[in-house]
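Take a look at the structure below.
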Amino acid sequence: MFSGLGSALHARRRAALLLAVLAAVLAAFFGGTVDSKLTNGLSDYDDPGGANVTARRIIQQATGVDAQQGYAVLVRTDAALDPKAPPPAPVSAAGALLRGRPETEQVVDYATNPALISRDGHSTVVLGTVAPMREKDTVDAEKALQQAIADNPDLKGRAWLGGSTPGHVQVASVSNEDLAKAESLALPFILILLVLVFRGVVAALVPLVGAIVTLLLTLAGLRVATEFMDVSTGALNLAFALGLGLAVDFGLLIVSRYREELAVHGPGRQAVARTVATAGRTVFFSSLTVAAALAAITVFPHPYLRSMGLAGVITVVSAALFALLGLPALLALLGRRVNSLAPRRWQRDSTAREEAGDRWHRIASGVMRRPVVVAVAATAVLLLVAAPVAGLKFTGADPSTLPASTSAGKVSRALTSDFDKPPAAPLQIVLDTPGGTELAAYAQRIGRVPGVESVGTPFRLDARHWEVDAVLRGAPLGTTAKDAAAKVQDVPAPVPARYTGVSADFLAQKASIAAKVPLAAGVLALITLVLLFAFSGSVILPFKALLMNTLSTGAALGFLVWVFQDGNLGFTAQNGIEATTPVLVFALAFGLSTDYNVFLLGRIKEGRGAGLDDREAVAEGLARTGPIVTSAAALFCLAVGALALSRLVFVQELGLGTAFAVLVDATVVRALLVPSLMALLGSVNWWAPGPLRRLHTRLRLDRMEPPETEPATSPAEETQTRGPAVSTT
C-alpha cells in the first residue's frame, strides 16, 4: 500500500502539489477567523454535568447574575478615603462607569462595604456584578471600559480595570501575544538547526513548508469544530507548538530517508516509493499513536480538555497528511535539488552521517554488553526524577496568574497585598427546599467549620431553592479556602445541597478529572497496545513501550512539581500545578514517546528483516535513527519549549513539561533503556501468540512492500534533478 502510494505520488507529483497548495490557501481563508470563535472563561474548566454547574444555573435564573463574571475597578486617590464622607470624583466616576454598562446588575463600593478601602486608605475597589454575556460581548465590554477609563480625566492614570470578565479576556490576549512572540523567537533557531542537521538550505526549508501547511490545515479544522462545540483559546497554544514540532519531526524522518534512497537509487520513482514504504509507514503509525494519546483526553467532559484533545488530533492528522501526501510529491519534484544551496565544505559524501551513526552504534553495543546494570541505573534515574510527584498539589486557572503589566493582573495583586479583607466570591450553597425553617441551624454548623470567616443568613432564591453564602478565609484557590470548602461539603445538610463558587468549582473540577482518569488511561493503553502490535507484530514490545512511556512521563511530572510547585530554576513557587496540566503533559509525553519508539522499532525491524541478529539489529537501528531522533527531539523541544516563555504559568507548565519529557525520552530512554531491555529479552521481544501472529500476517501488516527495481534514471530526468550530493547527520 505505502509503496504504491509513493509510486502514485511520483507519477502525479505536480497535481498532488497543486492540490496541497490549493488546500493550504482555502484553509488560510477559512481558518483565519478561528481566533474570534474561541472561548476563554471559567466555564471552560467545568464539567457541564456537575452539581456545581447546576447550582450556578439555579442562582443565575433566580438573580440574573452570572457568578463567573464581574468587574472590579481599582481606584487610587491622593487623599485618604473616609467612609462617612462623600466619595471623591474618581470613585464616583468609577461607579458611574460601571452603572452605565447595560450588563451590570449591581455596583458595590466602600459606602456599603468599608472593607473595600485599602490599609493605607488611598485605594479602593468598586465592584460590579453582571448578567450572562457571550464571549464576543465580554471582549467588546472590556475594550469599551478600558477606553472609557483612558478618556475620563478623573480615572486616567489612577484607575485600573480588573475582575473575572476583564481577567479572562486578558488571559486570551496575553496567551495569543506570547504565542506569537515565542514562535517568532523559536523559528529562527529551528531553521538554523535544520540547516545544520540537513547540511543544506533547501532540505532545511522542506520541513518548514510542511509546518506552514500543517498549521493552516489545523486552524481550518479548529474553525470547523467551533461550529459544533466550544473550543478554548488554549487550543491555539497547543496547535502551534505541536504542529511545528510534528511537521519538523515527520519532515526530518521523510527527507532523511529520501536522501538515503536518492544516494543509492538516484532520483525517480524508486527513491520516492521506497521512502514512503519505509519512513512513510513509520510516520503513519507514529501519527496514529500520537493522535490516539491525544484523543484519550476527549473522554474528559471539561470543554478546555476536550478542546486540547481535539486540537491535538487535528494537528497530528494535518501533519501526517502533508508528510504522506504532499511531502513525497515535493521531494519527487525536487529530486537531487533537495541537496541544493549547501556550503561547499558540506558538499561531501556521507562521512558525517556515518560518523554520527557509528557513535550511536558504539553506544548501543556498549549498553548491550551490560544490559542489567544499565537498565537498573536508567530506571533508578527516572524514578528519582519522578519522586516529587508524591507531593503533587493542584490549583486552578485564575486571572491572578496574569502579569502585573495587565490591568487585571495589577488589580488582582493589589487586592491581595493592599487590603486586609480582599473581596472574594463566597462559597454558595444552593439547597433544594421550598421552606427555610431548618436552615438556620445548618448555617450555624457551617460557621463553626475551620477556615470559614462568616456565614450569611439563608435566603430564598425561588419557590424551590434557598441559598446560604459562606465567606472563606484567604484566596479562593489557596490551601485554607480549598480545605474549608471541602469540610463545608462534609457537613450534613438537612436537604439536598449543591455547592458553587471559585473554591467549590475547583474541587468539583478536580474530582471530575480524577473520576475520568482511569477511563482515559485505559483507552490510551488499549489503543497504544493495538497500534504497536500492528506495527511490530509483537505483544511484548507494546507492553515494554507502556512501561517506558510511564517512566518518562512520570519523570516529566516530577520535574514540573520540582520547578513550579517547589519554585526552582528561577520560577516562583506556586500553590500547585494547574489541575489540567498533568493530564495534558501525560498525554502529550506518552504520545511523543511512542512516536520516537516507532521510529526506532521500524529500523530495528528492517534490520532483522535483512538478516541481522537481534543485538546487531538493535545497534544498527539506533545507529540509523539516533541522529534523526536526537535532532527531532531538539527541534521539538525548541518548538514546544518556546511556550515556557509565556507570562501565564499554566502555559509555561505545558511547554516546559512536554519539552522535558521529550528530552528524557530521546536520551535516557532511547539511548539506554531501550537497547538494554532489547538485549535482555533478545528474540522474546518479537514473540506473539500463534493466532495473533497469523492475523498480523494475514492482514499484511508486516510487509514493507519494497518496489521492484526500475530502469536507471533517464539522462533528461537526471539533468533536471541534478544537484550536489550532501550528507545528513
From CA spacing to verdict: side chain to side chain contact (heavy atoms under 4.5 Å, CB included), Leu692, Val539: CA-CA 9 Å; Leu692 287 180; Val539 297; 3.8 Å; yes

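- Counting all heavy atoms, side chain and backbone alike, Thr218 lies closest to Ala239 at CG2-CB, 3.7 Å.
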Verdict with supporting geometry, Thr594 and Phe590, side chain to side chain contact (heavy atoms under 4.5 Å, CB included): CA-CA 6 Å; Thr594 309; Phe590 195 96; 4.0 Å; yes

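- Neither side chain, Asp595 nor Thr289, offers a donor N or O lying under 3.5 Å from an acceptor on the other.
- No donor-acceptor contact under 3.5 angstrom links the side chains of His265 and Glu260, judged on distance only.
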Working for side chain to side chain contact (heavy atoms under 4.5 Å, CB included), residues Arg624 and Trp360: CA-CA 8 Å; Arg624 292 284 188 174; Trp360 283 99; over 6 Å; no

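- If you check the side chains of Ser593 and Asp665, you find a donor sitting under 3.5 Å from an acceptor.
- In this structure, Arg362 CZ and Ser365 OG are separated by 9.5 Å, a value rounded to the nearest 0.5 Å.
- Contact record, Ile540 with Asn685: CB-O, 3.5 Å, taken as the closest heavy-atom pair.
- With hydrogens and angles left out, the side-chain atoms of Thr275 and Glu261 include no donor and acceptor closer than 3.5 Å.
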Run the side chain to side chain donor-acceptor pair (under 3.5 Å) check on Thr298 and Arg306 step by step: do they pass? CA-CA 5 Å; Thr298 60; Arg306 286 196 167 186; over 6 Å; no

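- At a threshold of 4.5 Å between non-hydrogen side-chain atoms, the residues Leu588 and Leu238 count as touching.
- A 4.5 Å side-chain heavy-atom check between Leu191 and Leu187 finds every atom pair outside the cut-off.
- Residues Phe660 and Val385 are in side-chain contact: their nearest non-hydrogen atoms beyond the backbone lie under 4.5 Å apart.
- Under the 4.5 Å side-chain criterion, counting only non-hydrogen atoms from C-beta, Phe300 is in contact with Val517.
- A distance of 10.5 Å separates CD1 of Ile604 from OG of Ser536, quoted to the nearest 0.5 Å.
- Summarising the local packing, NZ of Lys544 is surrounded by more than 12 heavy atoms from other residues, nucleotides or ligands at distances under 6.0 Å.
- Arg693 contributes a side-chain N or O that, together with a main-chain N or O of Ala688, makes up a donor-acceptor pair within less than 3.5 Å.
- Phe636 has its side chain out of reach of Val248: every pair of non-hydrogen atoms, C-beta onward, lies at least 4.5 Å apart.
- The CG atom of Leu529 sits 4.5 Å away from atom CZ of Phe543, with the distance rounded to the nearest 0.5 Å.
- Minimum interatomic distance between Leu244 and Ala211 (heavy atoms only, all atoms of both residues): CD1-CB, 3.6 Å.
- Atom CG of Leu9 is separated from atom CG of Leu324 by 9.0 Å, given to the nearest 0.5 angstrom.
- Note on ring orientation: taking the six-membered ring where Trp is involved, the planes of His696 and Phe533 are perpendicular (angle over 60°, cut-offs 30° and 60°).
- Of all heavy-atom pairs spanning Ala671 and Val367, the tightest one is O-CG2, 3.7 Å.
- Between Leu654 and Thr658 there is a side-chain heavy-atom pair separated by less than 4.5 Å.
- Between Leu673 and Ala375, the closest heavy-atom pair is CD1-O, 3.8 Å.
- The CE atom of Met368 sits 8.0 Å away from the CG atom of Leu622 when rounded to the nearest 0.5 Å.
- A pairwise comparison of heavy atoms in Pro207 and Phe198 identifies CG-CE1, 3.8 Å as the closest pair.
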